[in-house]
Structures are given as structure tokens and as C-alpha cells.
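If you scroll down you'll find the structure; I have some questions about it.
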Amino acid sequence: YPEVDHQRTVTFLKSGFWIVSDLMQPKDENPHSYKQLWHMPPAANQQINRSNGTISSDMLDANIIIGSNDGVIQEDMGWYTVRWGVFQESPYAYFAKDNVVGNVGFDTVIFPYATQGQGAAKTEDINLGVPVDVATAMRMTTTMDGQTSETHYMLEYEPPKGTTRTFGEFAGDGMVNVVRTDEDGN
């Protein structure tokens, strides 16, 4: 879109999940609307939990939870490509922000897990007191296959040298800062 600059940062954590941070910077002062779309195959039995801000699958042996505090979760119908030239109608979900003036961000976490019905996630923003194009942060509480953990995440788009920023109960000076603790605080 020529009227908006878009920057995407994808962080993969070896413990097995991804964080996708999208930053949109419009080149004008007009209101804009944004959607961050997430598609699943029809067999995924897509579920939406608006109170937790999550979109998830519900299959027997491979599942995913997509969580965000950014925007309103919506659902619509689209098309899934079964194979080249063969399409099947399928629901998709998205996080939406409508009629926003200025810079906008989406921070979204993607957690895979194995056992049907054994995953849960909740995200919340951490207010850093700076504009979204400077830094962004969130806290995620997850239960995957019986294991509960809490993850704190902060992304500095252009980290100032020698500056440490506090995010929740932690502090860091890197471009990407992640702290994950288990139920016991370890």
C-alpha cells in the first residue's frame, strides 16, 4: 500500500513459538483501517475466544493458538487452496483496527501444541510509555500440553545505545528482549 509503510519483525524462540510484530506508519494524517489475517485449513475447526484474544485450531494431534491484544477479532469466509486450481470455502479470522490516525502496531504470538483441547493462551499489552514506533511489549500466559508459563516480550525498533528499558518486571537493552518463566518462576 503506497500510503503506508509496513515493517514486520518475526521472532522465533527455540522453546517453540513465534512472535509477529507488525508496525504500520501512514504517510498522511488520514484515518486508516488495518487487518492482520490468519488462515487455517477447513479441518482445523477454527475457534475464537474473544475474552482471551485468541484464534485457535481444534484438531487431534497438531494445533496452534494465535493470540493478540491488538485489535478486535473478526471472522469471515474465504477460500482454502486444497491443491493447484482446487479451492474449498473456509473461515478465516483476523485482528482489526479501524479508522486509526497515526502509527499502529500488532503484536501477535503463535503457539503450536499437540494435544486437542490442551492449549490456552492470554496476552496483555505492557505500556512502555513510548510511541508504538519506538518500542512495543506484551506479556503472554500460556498452557500447552499441561505446562504453564509466562513470557515477557519487548521489541525496540531502533534501540538507543546505552539505554535500558523496563518491560513489566524485567529490563533489557537489546532490540528483542524475551524472558520466559515456568509456574515456579524459574
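Scope of the values below: all heavy atoms of this structure, side chains included, with no hydrogens, waters or symmetry mates.
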Can I get a per-line list of side-chain donor-acceptor pairs under 3.5 Å for residues 71-80, giving both atom names and the distance, sequence neighbours left out?
{"unit_1": "E75", "atom_1": "OE2", "unit_2": "Q46", "atom_2": "NE2", "d": "2.9"}

Side chain to side chain, I66 and M40, heavy atoms closer than 4.5 Å
yes
Any side-chain heavy atom of Q36 within less than 4.5 Å of one from V20?
yes
Set of residues satisfying ring-ring contact (aromatic ring centres under 6.0 Å, His included) with respect to Y153, sequence neighbours excluded
none
With a 4.0 Å cut-off, would you call R165 and E156 a salt bridge?
yes
Taking only Lys NZ, Arg NE, NH1 and NH2, and the carboxylate oxygens of Asp or Glu, determine whether K27 and E3 approach each other closer than 4.0 Å.
no
Okay, side chain of E183, backbone of T148: is any donor-acceptor separation there less than 3.5 Å?
yes
Check whether the ring centres of F106 and F95 lie less than 6.0 Å apart, and answer yes or no.
no
Check the surroundings of atom CD in E89: do more than 12 heavy atoms from other residues, nucleotides or ligands lie under 6.0 Å from it?
yes
To the nearest 0.5 Å, what is the distance between OG1 on T108 and CD1 on I19?
10.0 Å
Do the rings of W18 and F12 sit parallel, tilted or perpendicular, given the 30° and 60° boundaries?
tilted
Would you find a donor on one side and an acceptor on the other, under 3.5 Å apart, between the side chain of K122 and the backbone of R139?
no
How about T136 and D107: does a side-chain donor come under 3.5 Å of a side-chain acceptor?
yes
Step by step, work out the side-chain hydrogen bond (donor to acceptor under 3.5 Å, both in side chains) result for S51 and N49.
CA-CA 6 Å; S51 64; N49 183 326; 2.7 Å; yes
